[in-house]
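So the structure is just underneath, and the comments pick up after that.
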Amino acid sequence: MASLLKLMKLEMRKFRIGSYIRAAMIANIIIIGFICLVSLVEDGMLDEVPNGMPFVDYDMAFYVIDTLVRATYIVFASVLISRIVIDEFRNKSITVLFMYPINRKKLIAAKLLVVMLFTFVAVIVGNLIVGIGFYILNLYASIIPEPITWSLAAKELLKVTMGALATSFLSLIPLYFGMRKHSGPATIVSSLIVVAIICQNVDGFTLYSIIAVPIGMALLGAAIAYMSIRNIEHVDVLK
């Protein structure tokens, strides 16, 4: 375990994870701006919503925020996968790493754990930052008249944490498509397809609301990661 953690730290230094954290903060600010814009839209632009308001209660507001944050960081995860896994296979730089006395499986596992940890933390922090930003906006703009309660906040935090855990696993699904041809674009495009599947909303219905869907996709992501790690000993990186 200690060696795995050390490899994770080395990977984060090597690929300057701080730059991705800064990019994530910028993304959170953009999401807050979008939420504010939608919240303050003029009356009548959203006729199907009572009083012209896009959010009728905190449940709806937090649902929209979580969906935007989740979609953003699934794509972020695919960029990380492309950068720290796919690119090294495509550029053959992974062969240099495999020459060191480091277990191949641990090396790939460390890379994927970095992606999962980043996604898990980013989804939680993103929801908190955007949620707090919306709450502060609501104090001044009175978008949602009802006050937020501690029980509602605790329930939403639990939902966000569980959703972040599922997202950290299902964000590994693009790894399969990227590894087939060692293609970064295929990795990112497949993440957009995943986002389209789980984040689409049709008359208030989403596939993500069916508990079996996020669980099934998370298990699929875990299976893809497991197979990638297990088969790494048989991968010919010189092809």
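Interatomic distance, CD1 of Ile84 versus CG of Leu112, reported as 7.0 Å (0.5 Å rounding). Between the CG atom of Leu219 and the CE atom of Met217 there is a distance of 11.5 Å, given to the nearest 0.5 Å. Atoms CZ and OG, on Phe177 and Ser191 in that order, are 11.0 Å from each other to the nearest 0.5 Å. Interatomic distance, Ile21 CD1 to Met12 CE, rounded to the nearest 0.5 Å: 8.5 Å. The structure places CZ of Arg22 at 9.5 Å from CZ of Arg16, a figure rounded to the nearest 0.5 Å. The CD1 atom of Ile86 sits 10.5 Å away from the OG atom of Ser78 when rounded to the nearest 0.5 Å.
Glu11 approaches Lys111 most closely through the heavy-atom pair OE1-NZ, 2.9 Å. Taking all atoms of both residues into account, the shortest heavy-atom contact from Gly184 to Ser82 is CA-OG, 3.2 Å. Here the shortest heavy-atom pairing between Thr187 and Gly178 reads OG1-CA, 3.1 Å. Contact record, Thr161 with Phe120: O-CE1, 3.8 Å, taken as the closest heavy-atom pair. Shown here for Ile65 and Val130, the closest heavy-atom pair between the two residues is CG2-CG1, 3.6 Å. Across every non-hydrogen atom of Ala27 and Thr72, the tightest pair is CB-CG2, 4.1 Å.
Applying the 6.0 Å contact sphere to OH of Tyr58 captures more than 12 heavy atoms from other residues, nucleotides or ligands. Within a 6.0 Å radius of OH in Tyr135, no more than 12 heavy atoms belonging to other residues, nucleotides or ligands are found.
Criterion: ILVMFWY side-chain heavy atoms under 4.5 Å apart, direct or through other members. Under it, Phe34 and Val75 are part of a common hydrophobic cluster. Transitive grouping of hydrophobic side chains (ILVMFWY, heavy atoms separated by less than 4.5 Å) keeps Val125 and Ile26 in distinct clusters. Following chains of ILVMFWY side-chain contacts shorter than 4.5 Å, one can reach Val69 starting from Leu192, so the two form part of one hydrophobic cluster. Following chains of ILVMFWY side-chain contacts shorter than 4.5 Å, one cannot reach Met25 starting from Ile30, and the two form parts of different hydrophobic clusters. Linking ILVMFWY residues whenever their side-chain heavy atoms come closer than 4.5 Å, directly or via other members, leaves Val64 and Ile29 in distinct clusters.
Using a 4.0 Å cut-off between charged nitrogen and carboxylate oxygen, Asp59 and Lys159 do not count as a salt-bridge pair. Between Glu88 and Arg83 no salt bridge is recorded (no basic side-chain N to carboxylate O distance below 4.0 Å).
In this structure, the side chains of Pro214 and Ile198 stay at 4.5 Å or more apart for every pair of heavy atoms. Residues Ile224 and Leu172 fail the side-chain proximity criterion, which asks for heavy atoms closer than 4.5 Å. For the pair Ile197 and Val213, the minimum side-chain heavy-atom distance is 4.5 Å or more. Residues Val79 and Tyr20 meet the side-chain proximity criterion, which asks for heavy atoms closer than 4.5 Å.
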Decide yes or no on side-chain contact (heavy atoms from CB on, under 4.5 Å) for Leu220 and Leu170, but give the supporting numbers first.
CA-CA 7 Å; Leu220 177 60; Leu170 67 85; over 6 Å; no
Check the pair Met8, Leu117 against side-chain contact (heavy atoms from CB on, under 4.5 Å), reporting the backbone distance first and the verdict last.
CA-CA 10 Å; Met8 290 175 64; Leu117 181 61; 4.2 Å; yes
Kindly indicate, with the supporting measurements, whether the criterion side-chain contact (heavy atoms from CB on, under 4.5 Å) is fulfilled by Ile188 and Ile81.
CA-CA 9 Å; Ile188 297 172; Ile81 290 172; over 6 Å; no
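Using modelled atom types, no side-chain atom of Asn138 and backbone atom of Phe134 make a donor-acceptor pair closer than 3.5 Å. Not one N or O on the side chain of Ser183 forms a donor-acceptor pair closer than 3.5 Å with the backbone of Met179.
Each of Val160, Leu68, Ile31 was scored for a side chain to side chain contact (heavy atoms under 4.5 Å, CB included) with Asn127, with one residue passing: Val160.
The aromatic rings of Phe118 and Tyr73 stand perpendicular to each other, their planes meeting at an angle above 60°, with 30° marking the opposite boundary.
Using modelled atom types, one finds no donor on one side chain facing an acceptor on the other under 3.5 Å when comparing Thr119 with Ser168.
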